[in-house]
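Reviewing the structure listed below.
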Amino acid sequence: MSDPVLQLRNLTKTVGRRNIVDDLTFDIPAGEVFGFLGPNGAGKTTTIRMIVGLISMSRGEALIKGVSVRHHFELAMTHVGAIVENPEMYKFLTGYQNLVHFARRHEGVTKTRIDEVVALLGLQNRIHEKVKRYSLGMRQRLGVAQAILHRPSLLILDEPTNGLDPAGIRELRDYLRKLTKEEGISVIVSSHLLSEMELMCDRVAIIQAGKLVDIRSLQETRDSAQSKIVIETGDLPAAQRLLASAFDPSLLTISGIGQLELAADKSAVPHIARLLVSAEIDVLGIHAVQKSLEEQFLEITGGEMVV
Amino acid sequence: MSSLGKLIRNENMKIYRRPRTWLMIAFLVLAIGLMSGLMKWDAGSDDHADWQQRLSQQNAQLQQELQDNEKLDADEKTDIGNRIKLNAYYLDHDIDPNELSLWNYVNTSASLTILVTILTVIIAADMIAAEFSWGTIKLLLVGPASRSKIMLSKYIATMGFALLLLLLSFAAAFGAGGILEGFGGLSRPELTIAANGAIRESSMIADALQKYGFAVISLLMYVTMAFMISAAFRSSSMAIAFSLLFMLIGNSLSALLSGYGWVKYLLFSNIDLTQYLAGASPLRPDMTLSFSILMLAAYYVVFQFVAWLLFTKRDVAA
Ligand SMILES: Nc1ncnc2c1ncn2[C@@H]1O[C@H](COP(=O)(O)OP(=O)(O)OP(=O)(O)O)[C@@H](O)[C@H]1O
Ligand SMILES: [Mg+2]
């Protein structure tokens with residue numbers, strides 16, 4: 001793998017006495033879609049604001065392609081395109097004029113490149129209309145267009161799917177994939193929606209109360225997903241007693257709808273069936289299920305995840 | 001890394017693509033047109049045909065007064081003497097002092113620079129605060145341009161707008177004067193009497209430019225103040241309201257409190273340098289031209305520094 005595109009080193013933001021971002025340290029390699037996942041108020045936006053220099057860092061450092069944001073802001077920013085929360089545009093200008101505005105800040109963004117990006121985001125039909133007549137989704141696209149004009153190495157998108165319809169979300173996803181595969185750029189996407197992250201990201205950092213809880217590859221998480229066996233019987237207390245003696249009782253739970261759940265993989269199903277039948281307990285159903293990613297993340301964050 | 005020139009073009013685009021700006025410009029030109037029309041109408045009501053006769057009459061009366069009135073002190077005597085001399089000069093050189101020339105229009109337009117100042121103050125107060133109101137500040141700052149550079153580009157664009165309005169008001173008054181009085185009066189001199197009693201001919205354009213020059217100084221100060229206020233507020237309407245408020249009540253406040261010694265340290269007491277011209281008296285007797293210039297320079301530096309601090313050092317969490 002090439003050098004990391006973004007390195008965070010003990011990044012901390014203190015407001016009053018509270019660390020709203022607390023000692024974040026991790027790297028983001030090139031060509032990866034990286035998710036910031038965390039419940040509302042976890043500090044995702046605050047972290048992004050520090051990376052792009054909107055707010056000062058209380059402690060620590062962010063390096064973009066090895067360039068310190070704190071010490072060489074202008075140079076570091078030549079590698080970054082970003083939208084932070086809702087990308088507000090100049091409403092009295094047309095979409096195109098807005099893009100010209102942002103293109104002028106960079107060297108070497110040609111008219112052809114602007115047209116290319118406009119086409120890429122499917123804005124060509126209405127690009128010469130005033131932005132005040134745009135829908136939320138169109139503004140979001142214009143925001144993304146603005147962020148990729150100068151072919152950044154790192155694209156930072158804070159809640160990019162906000163306001164996009166399902167088709168728009170899918171397009172964005174496909175487009176991000178394309179950018180990472182073809183141009184080798186890295187993307188940071190923040191979201192509190194796991195379902196989005198699942199489809200978009202290679203890895204996610206889970207942030208909670210300003211702290212890094214875990215970084216995991218979604219592929220590995222899927223592979224190592226634990227499974228459980230759901231058992232429905234005619235006599236719940238008897239079945240519970242029986243299984244608690246046969247298995248480790250801590251693996252056994254009762255779900256909200258009166259089903260027994262046993263943390264085990266499906267090889268245990270025949271054994272359980274035999275046990276229940278020989279004890280003359282009516283078996284209504286036994287099946288093995290994989291824990292969803294969602295459940296796993298809820299476990300990691302202690303059930304606080306807003307999904 | 002962004003070039004300053006391109007950033008200035010961006011700021012210009014944001015100024016001149018707004019309909020509001022063109023309303024302001026139209027308003028200014030209209031006001032100057034109106035002023036010129038009023039001047040013409042007012043002058044038309046006097047009878048100019050017998051101006052030579054009236055000047056001779058006036059001189060005879062003044063002569064009479066000089067001889068008969070015993071109570072005149074030395075100052076008043078030289079004053080009357082000067083007026084007689086001036087009138088005689090007008091008669092000798094066949095100049096009607098009450099006839100309007102194009103320069104009168106330009107001169108009067110110099111007093112309308114207060115309008116230019118107000119309009120530029122509105123633009124300046126909006127310059128930074130509006131980016132916060134619109135929420136566009138985030139995208140503006142996330143780019144390869146330091147905040148200092150962005151601020152400089154905004155300040156330069158604001159000054160460019162002021163310059164445009166000044167040129168426009170000069171040109172509009174010049175045009176209106178030319179249309180109403182003909183462009184023939186261009187070379188008419190401005191007559192003044194020097195301290196030694198000699199009559200001096202000076203060019204009227206120099207006089208008009210001097211008036212504009214003084215107006216530009218106060219414009220520069222007010223606009224820089226508004227710019228600082230713009231950096232302090234996150235709402236453009238608040239920034240505009242406060243800037244205009246300070247500007248409009250500042251002067252009367254200074255005049256009202258001129259009894260107190262500390263008033264001379266206020267911006268508003270120093271901003272009008274015409275108070276040091278011959279024939280005018282400063283707000284407080286202990287104030288001098290160099291004192292005022294020093295004060296203005298100090299205020300200017302402080303305004304710029306505070307604006308810079310506010311704009312570059314604060315967190316943008318909006
Ligand atoms: N300027 C500030 N002053 C004080 N506290 C702040 C400030 N900005 C953010 N916070 C607090 O910091 C925490 C993190 O906020 P942040 O906006 O980074 O969360 P987030 O992860 O982006 O949440 P969301 O999913 O809702 O967008 C919140 O508790 C918030 O109240
Ligand atoms: Mg957020």
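Bear in mind the structure is a predicted one, so any value in this text is a computation, not a measurement. Numbers restart at 1 for each chain; the letters A, B, ... are given by sequence-line order, proteins then strands.
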For atom OH of B:Tyr16, decide whether the heavy atoms of other residues, nucleotides or ligands shown that lie under 6.0 angstrom number more than 12. yes
So, do B:Asn10 and A:Arg105 sit near enough that their side-chain heavy atoms are less than 4.5 Å apart? yes
Selection from A:Ile156, A:Thr46, A:Ile83, A:Val84 maximising heavy-atom pairs under 4.5 Å formed with chain B: A:Val84
Using non-hydrogen atoms only, which part of A:Lys130 is less than 4.5 Å away from chain B: side chain, backbone, both, or neither? neither
Indicate yes or no: at least one non-hydrogen side-chain atom of A:Met89 is less than 4.5 angstrom from one of B:Leu139. yes
B:Arg17 to A:Phe92 - nearest heavy-atom pair and separation: O-CD1, 4.0 Å
A:Tyr90: ring pair (Phe, Tyr, Trp, His ring centres under 6.0 Å) partners, not counting sequence neighbours: A:His101, B:Trp134
Rounded to the nearest 0.5 Å, what's the gap from CZ on B:Arg314 to CG on A:Leu54? Could you check? 14.0 Å
Check for a donor-acceptor pair, side chain of A:Arg49 on one end and backbone N or O of B:Val316 on the other, with a separation under 3.5 Å. yes
Decide if atom CD of A:Glu107 counts as having more than 12 heavy atoms of other residues, nucleotides or ligands within a radius under 6.0 Å. no
Count the heavy atoms belonging to other residues, nucleotides or ligands that lie under 6.0 Å from CE of B:Met238, then report whether that count exceeds 12. no
Using 4.0 Å as the upper bound for N to carboxylate O, is an ion pair formed by A:Lys13 and B:Asp315? yes
Donor-acceptor contact below 3.5 Å, side chain B:Lys138 vs main chain A:Asn86: yes
Of all heavy-atom pairs between A:Gln97 and B:Met13, which one has the smallest distance, and what is that distance? O-CE, 3.4 Å
Does the side chain of B:Leu7 reach to within under 4.5 Å of the side chain of A:Arg104, using non-hydrogen atoms? no
What's the separation between atom OG in B:Ser148 and atom CD in A:Glu74, rounded to the nearest 0.5 Å? 8.5 Å
Residue, of B:Lys6, B:Arg9, B:Lys14, that accumulates the most heavy atom pairs under 4.5 Å with chain A: B:Lys14
More than 12 heavy atoms of other residues, nucleotides or ligands under 6.0 Å from CZ of B:Phe242: yes or no? no
